[in-house]
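Okay, structure first, notes after.
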Amino acid sequence: MPDMATSVPEPSKKETYPLKMLPRRGFGQTSRTGLWWVTPVAVFLGLGTFVVYSTWAAFQGQHYRFGSYLSPFYSPELFGDPQFSWFGAKPGFWPSFLPFSPALLILWAPGGFRFTCYYYRGAYYKAFWADPPSCTVGEPRNSYLGENSLPLILQNVHRYFLYLALIFLVLLASDVWKSLWWLDPLTGKTYFRIGLGTLILAMNVCLLSGYALGCHSLRHLIGGGRDTLSSLKGCHKAYDCVSCLNRGHMIWAWCSLFSVGFADFYIRMLASGHWTDWRIF
Ligand code: FES
């Protein structure tokens, strides 16, 4: 009986198959019929609003502290108010042409963490650079360079921003603790107090933790190896926990973006006298 495997005729080496080239689509052209443009437009508006607000707030240099509340945009306050900052008033090295604000010294770290986040990259490449605007939608460029050359190769520093972000989480958690203790100006004594601001700061830390602890880089880091998972039980468990958060990374990203902006806004409203903090305890 002939061997079945060898009885099938081999295609001739000279035989060629015509490659069917799909016509290149013009910018914005697509055969998709759904509302594919809603997501990029929503990302553009949401992220754009946050960038404008946070830049404005960072340059204010005032109304970022109310009692024991400190805006997350200004934490840690390295230089600034001599009474509260780590190293005293405005540093001598600060350029005279640049308005001074404590936020400008630190915001590059959490900002860099978000900017290089894998989720946000995918979102703003589509929403801001239209590269492409959405899947199977024509883009405005003919070439694709990826993240292999400058400037986008710099996105690979995300892991290092992660290390900084984890430190920031600890600092913001300590701000929540400090927001429980208020100074009575009459007696000079410290007393325990929980206000709506405390809850907003605490919620902000929870949402930021859900975002940062579900980071793709952390998952890789904690998983143990380059291409394989660590055989250590603890590493596996940690990997599963990060993976669990990672599944909702987009939701965590948006919720924490909103909460950090709102926490600054709330404290700004209190410090400028527009709102009154609701004392709960
Ligand atoms: Fe989004 Fe790291 S991938 S925070």
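As a basis for the values below, the full set of heavy atoms in this structure was taken, side chains included, without hydrogen atoms, waters or symmetry mates. These numbers were taken from a predicted model, which means no experiment stands behind them. Numbers here simply count residues along the sequence, with the first being 1.
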**Arg25/Glu139 ion pair, N-O < 4.0 Å** = no
**Message:** Taking NZ in Lys90 as the centre, count heavy atoms belonging to other residues, nucleotides or ligands within less than 6.0 Å. Is the count above 12?
**Reply:** yes
**Request:** Without swapping roles, check the side chain of Ser134 against the backbone of Val137 for a donor-acceptor pair under 3.5 Å.
**Result:** no
**Prompt:** Is Arg279 reaching over with its side chain to a backbone N or O of Gly195, donor-acceptor style, under 3.5 angstrom?
**Reply:** no
**Prompt:** Are side-chain heavy atoms of Tyr163 and Leu221 found at a separation under 4.5 Å?
**Reply:** yes
**Connected via hydrophobic side-chain network under 4.5 Å: Ile167 and Tyr160** = no
**Asked** What distance separates Phe84 CZ from Glu77 CD, expressed to the nearest 0.5 Å?
**Response** 8.0 Å
**Message:** Go through it in stages, so that I can follow the logic: the residues are Trp254 and Tyr119, the test is side-chain hydrogen bond (donor to acceptor under 3.5 Å, both in side chains), and I'd like the CA-CA distance, side-chain angles, deciding distance and then a yes or no.
**Reply:** CA-CA 10 Å; Trp254 283 107; Tyr119 162 67; 2.7 Å; yes
**Prompt:** For Trp56, does the CH2 atom have more than 12 heavy-atom neighbours from other residues, nucleotides or ligands under 6.0 Å away?
**Reply:** yes
**Asked** Side-chain contact, heavy-atom cut-off 4.5 Å: Thr187 with Asp184?
**Response** yes
**Item:** Connected via hydrophobic side-chain network under 4.5 Å: Trp129 and Phe27
**Value:** no
**Item:** Verdict with supporting geometry, His216 and His158, ring pair (Phe, Tyr, Trp, His ring centres under 6.0 Å)
**Value:** CA-CA 10 Å; His216 292 72; His158 184 64; 8.3 Å; no
**Request:** Would you kindly confirm whether Leu199 and Leu208 end up in one hydrophobic cluster when ILVMFWY residues are joined by side chain heavy atoms under 4.5 Å apart?
**Result:** yes
**Item:** Verdict with supporting geometry, Arg219 and Ser243, side-chain hydrogen bond (donor to acceptor under 3.5 Å, both in side chains)
**Value:** CA-CA 7 Å; Arg219 195 160 80 119; Ser243 298; 3.2 Å; yes
**Leu207 CG to Ile251 CD1 distance, which is reported to the nearest 0.5 Å** = 11.5 Å
**Message:** For Met203, I'd like to know if atom CE has over 12 heavy atoms of other residues, nucleotides or ligands within 6.0 Å.
**Reply:** no
**Request:** Give a yes or no on whether the backbone of Pro72 and the side-chain of Ser75 come within a donor-acceptor separation of less than 3.5 Å.
**Result:** no
**Asked** Do any N or O atoms from the side chain of Ser101 and from the backbone of Ala58 form a donor-acceptor pair under 3.5 angstrom?
**Response** yes
**Request:** Could you tell me if the ring centre of Phe128 sits under 6.0 Å from that of Phe44?
**Result:** yes
**Message:** According to a hydrophobic-cluster definition based on side-chain heavy atoms being under 4.5 Å apart (Ile, Leu, Val, Met, Phe, Trp, Tyr only), do Met250 and Val260 belong together?
**Reply:** yes
**Request:** Answer with yes or no after comparing the ring centroid distance for Phe113 and Phe168 against a 6.0 Å cut-off, counting only values under it.
**Result:** no
**Test item: Trp108 and Leu164 side chains (from C-beta on) under 4.5 Å apart, heavy atoms** = yes
**Asked** Asn156 side chain to Ile153 main-chain N or O, any donor-acceptor pair under 3.5 Å?
**Response** yes
**Message:** Between the side chains of Asp131 and Lys126, is the shortest nitrogen-to-carboxylate-oxygen separation below 4.0 Å, so that they form an ion pair?
**Reply:** no
**Message:** When you compare the side chain of Cys215 with that of Tyr118, does any pair of heavy atoms fall below 4.5 Å?
**Reply:** no
**Item:** ILVMFWY cluster, Leu107 and Leu105 together (side-chain gap under 4.5 Å)
**Value:** no
**Message:** Checking ring pair (Phe, Tyr, Trp, His ring centres under 6.0 Å) between Trp181 and each of Phe192, Tyr69, Tyr191, which is the one that passes?
**Reply:** Phe192
**Asked** Under the 3.5 angstrom rule, does the side chain of Arg32 hit a backbone N or O of Gly34 as a donor-acceptor pair?
**Response** no
**Request:** Determine, step by step, whether Leu213 and Leu166 satisfy the side-chain contact (heavy atoms from CB on, under 4.5 Å) criterion, reporting the C-alpha distance in whole Å, the side-chain angles of both residues, the deciding distance to 0.1 Å, and the verdict.
**Result:** CA-CA 8 Å; Leu213 298 180; Leu166 295 176; 3.9 Å; yes
**Item:** Side chain to side chain, Phe73 and Ser54, heavy atoms closer than 4.5 Å
**Value:** yes
**Request:** Dump the intermediate steps for side-chain contact (heavy atoms from CB on, under 4.5 Å) on Glu147 and Arg121, then the final yes or no.
**Result:** CA-CA 11 Å; Glu147 295 177 338; Arg121 285 189 229 175; 2.7 Å; yes
**Prompt:** Side chain of Arg268, backbone of Gln62: donor and acceptor closer than 3.5 Å?
**Reply:** yes
**Message:** Under 4.0 Å between a side-chain nitrogen and a carboxylate oxygen: does that hold for Arg193 and Asp277?
**Reply:** yes
**Asked** Can you check whether Leu70 reaches Ile267 side chain to side chain, under 4.5 Å on heavy atoms?
**Response** no
**Prompt:** Under 4.5 Å between any side-chain heavy atoms of Ser179 and Asp175, yes or no?
**Reply:** no
**Asked** CG of Leu180 to OG1 of Thr190: how many Å apart, nearest 0.5 Å?
**Response** 12.0 Å
**Asked** Any sub-3.5 Å donor-acceptor pair from Trp94's side-chain atoms to Leu98's backbone N or O?
**Response** yes
**Message:** Taking the side chain as everything from C-beta on, heavy atoms only, tell me whether Tyr125 gets closer than 4.5 Å to Pro132.
**Reply:** no
**Message:** Between Ser256 (side chain only) and Tyr211 (backbone N and O only), is there a donor and an acceptor less than 3.5 Å apart?
**Reply:** no
**Message:** If we ignore hydrogens and angles and just use 3.5 Å, is the side chain of Arg247 paired with the main-chain N or O of Val242 as donor and acceptor?
**Reply:** no
**Item:** Ring-ring centroid check Trp275 Phe265, cutoff 6.0 Å
**Value:** yes
**Prompt:** Hey, do the aromatic rings of Tyr64 and Tyr74 have their centres closer than 6.0 Å?
**Reply:** yes
